[in-house]
Structure formats: C-alpha cells, structure tokens
Amino acid sequence: MTTATADSAGTADSADSSASADTAGTAPAPPTARRGRWRQDAVATLYREYCLLTRNRTNLLLAITPSAVYLLLFATSLSHLVGDVRYHGRAVGYAEFTVPALMLSSMLAAATAAGTSLFQERLGQMELELWSYPLRRSSYVLGKLAAGAGLVLAQTLVALAIALAVFDFRWPAGHWAALIASTVLASFACNGLYLLLATLFTDFQRFTVTVNVLAPVLLFAAPSFYPVEQMAPVLRLLSWADPVTYVVRCLRDSALLGFDAAWPQMLLLAGIAAVTSALTARSLLTRAAKL
C-alpha cells in the first residue's frame, strides 16, 4: 500500500515536472529577449539592404554620373557666364544658387537606385527567400526605408562636400543647420516617393523608362537652375505641380535665408516623407502577407 502510494506520488511529480517543462517551453520569451531578436533582425536587414544598394555598380554609376556632369557644367562654366541672379530681392552668385539643385540631382539619382533595387527584388521574387527565414516584417520594412534614405542622404552630402571643395560659401551657422535639416527631410521624402513608385509597377520596361525619364523631367520643370521669374509661362504653371519645386526651394531657402524662410517647406517635406513611407510600408506588408 505504501509502495503504491509512493509510486503514485512519483508519477504525479513526474507529470507535474513534464507539464512545467512543457509550459516553460511554450512560454513567451521575455521582453528583453524579444528586443534582442528584433535588434538582430534589424541589423541583418540593414546590412543586406546596404549590400544590395552599394554592390550593384551599374546602379551606382548611373546615380553618380549625372550629378558629376551637372556639377562640372553648371557650377563651374555657367557660374562665370551667368554671374549673379536675383533671389527674393537679393543678388546671389549663380554657384550658390545652383548648389541646392546639384544636391537635389544627386538625391534623385540615389532615390532612383533605391527604388530600382526594390523593384528588382520584387521582380525576382526574392521575398520568397526572405520570408523562408524567421524575419520580422517590421524589421524588413524599416530596413528598406532606413537603408534607402541613408543612401540618398549620404550621396547628397557627398555632392555638397564636392561643391564646397570647388567653391567657398560663407553661409552663417544657422543657415548651415537649416540646410542639413532640410537635406535629411528631403532625403526621406524622395526615398519614400521612389520606393512607393517601385511598389506600384509590375512591368520592368515601364518602370525603367519611368524612373529614368522622371528625374530629369522633374528637375528641369522646376526652378532648379533658373529663377522662377525667368521661366516660360507654361513651365511656371507646371512647376506648381512639380514636387521637386518645393524640395529645391526648401534647400535653397535654407542655405541662403535660413530657418525663417524654409520652415513651411520643411513641414511639407516632413508630411510627404511620413505619407509616402507609410504607404510604402503598407504595400510591403500587404505583399508579404500574400506570399
């Protein structure tokens, strides 16, 4: 009788231990562990996106060459030919006037590279390989947005550094701060626009033609290399619907006039960046859910 009781007690203890072990095995991970795994996912995704954006030499070459050509032509030869231009009632050297446009040209080229990378990934159905691993969707989306915006920002700052090496701009410290803030906002806005564009196309030829034609059309339809007062009447009307107009105006006002003149455009760019990033994230999550 005592032996049976002891056996029953031992069996019960074993069952309790097994149940406890099973419960421990299925218990959710603590918040610290979840944050650690999310951080690992985010870092791995950022590294992958960095490799995709920088190891494709063709895309990098196409992104850098137009900016270098514009810098050599507009910022050197034409600066001596044109002289000063009038901007907000003050005389400004043509080199100072065109540097924001050169930065914007580099920005659009880098955003084109980011959008092309995303489209090529969708076209090659690389998401199937990605989602075969335990990758968090939030890490994937944030990696796409952050890596693209980082590339756009870095390439734009390089264009600014080259311009500073060629010319000597004596802008006040407040103007420099406004220009850097505007560059960050513009980078996120342009990156968001091109990533959103990459999620809307399904045909490779249409996408390639669109992104390669869109950037120069938007750039030259805006008052990038000439004051708006000297534009043709038709182009002047079209420039109001051109998003590049507000980006270049934000960069130019920041550099030449400071925060007081640039803050309305900064708010607009922040809104564009938020909306396009949210729409891009929604599109990526929707596609991931269908795979």
Side-chain angles (χ1 to χ4, degrees), residues 66-67 69-112 152 156 159-160 163 166-167 169-172 174-190 192-194 213-273 275-276:
S67 303
V69 172
Y70 293 151
L71 181 64
L72 292 175
L73 290 179
F74 286 93
T76 55
S77 301
L78 289 181
S79 62
H80 299 290
L81 178 64
V82 176
D84 293 342
V85 296
R86 303 291 299 180
Y87 187 70
H88 284 278
R90 53 177 289 190
V92 179
Y94 190 68
E96 287 184 281
F97 183 82
T98 55
V99 162
L102 297 172
M103 295 172 60
L104 180 58
S105 171
S106 180
M107 195 177 295
L108 292 175
T112 301
V152 176
T156 307
L160 178 60
V166 177
F167 300 99
F169 301 127
R170 301 184 181 277
W171 295 328
H175 292 198
W176 279 108
L179 179 60
I180 297 300
S182 298
T183 302
V184 173
L185 292 174
S187 298
F188 277 92
C190 291
L193 284 172
Y194 273 80
V213 172
L214 185 63
V217 169
L218 292 177
L219 187 64
F220 286 98
S224 303
F225 299 104
Y226 23 75
V228 66
E229 295 81 10
Q230 298 181 11
M231 296 176 66
V234 176
L235 287 179
R236 193 181 305 175
L237 291 175
L238 291 176
S239 67
W240 290 101
D242 188 349
V244 170
T245 298
Y246 306 98
V247 179
V248 72
R249 183 181 298 172
C250 183
L251 296 174
R252 187 170 288 146
D253 287 351
S254 299
L256 302 179
L257 304 174
F259 279 107
D260 292 339
W263 70 265
Q265 285 79 25
M266 287 185 178
L267 292 179
L268 178 62
L269 293 184
I272 293 175
V275 171
T276 55

Shortest non-hydrogen contact from [X] to [Y]?
{"X": "Ser106", "Y": "Ala159", "result": "CB-CB, 3.8 Å"}
{"X": "Leu251", "Y": "Leu179", "result": "O-CD1, 3.6 Å"}
{"X": "Asp84", "Y": "Gly93", "result": "OD1-CA, 3.4 Å"}
{"X": "Arg252", "Y": "Pro223", "result": "NH1-O, 2.9 Å"}
{"X": "Ala262", "Y": "Cys250", "result": "CB-O, 3.9 Å"}
{"X": "Val248", "Y": "Ser224", "result": "CG2-CA, 4.3 Å"}

Are [X] and [Y] packed together at the side-chain level, in the sense that at least one heavy-atom pair is separated by less than 4.5 angstrom?
{"X": "Leu108", "Y": "Tyr194", "answer": "yes"}
{"X": "Leu218", "Y": "Thr245", "answer": "no"}
{"X": "His88", "Y": "Leu256", "answer": "no"}

- Task: Decide side-chain contact (heavy atoms from CB on, under 4.5 Å) for Gln265 and Leu185; before the verdict, give the C-alpha distance in whole Å, the side-chain angles of both, and the deciding distance to 0.1 Å.
- Result: CA-CA 10 Å; Gln265 285 79 25; Leu185 292 174; over 6 Å; no

Please report the interatomic distance [atom1]([X]) to [atom2]([Y]), rounded to the nearest 0.5 Å.
{"X": "Thr276", "Y": "Phe188", "atom1": "OG1", "atom2": "CZ", "value": "10.5 Å"}
{"X": "Ser254", "Y": "Met266", "atom1": "OG", "atom2": "CE", "value": "3.5 Å"}
{"X": "Tyr94", "Y": "Tyr87", "atom1": "OH", "atom2": "OH", "value": "14.0 Å"}
{"X": "Arg249", "Y": "Leu269", "atom1": "CZ", "atom2": "CG", "value": "11.0 Å"}
{"X": "Gln230", "Y": "Arg86", "atom1": "CD", "atom2": "CZ", "value": "11.5 Å"}
{"X": "Leu219", "Y": "Phe225", "atom1": "CG", "atom2": "CZ", "value": "4.5 Å"}

- Message: Could you tell me if Arg170 sits above the aromatic ring of Trp176, with its cationic atom closer than 6.0 Å to the ring centre and no more than 45 degrees from the axis?
- Response: no

- Item | side-chain contact (heavy atoms from CB on, under 4.5 Å) evaluation trace for Leu160 with Thr183 | CA-CA 10 Å; Leu160 178 60; Thr183 302; 5.6 Å; no

- Query: Counting N and O atoms only, with roles assigned by atom type, does the side chain of Ser105 sit under 3.5 Å from a partner on the main chain of Ala101, one being a donor and the other an acceptor?
  - Reply: no

- Query: Considering residues, nucleotides and ligands other than Trp171, do more than 12 of their heavy atoms fall under 6.0 Å from its CH2?
  - Reply: yes

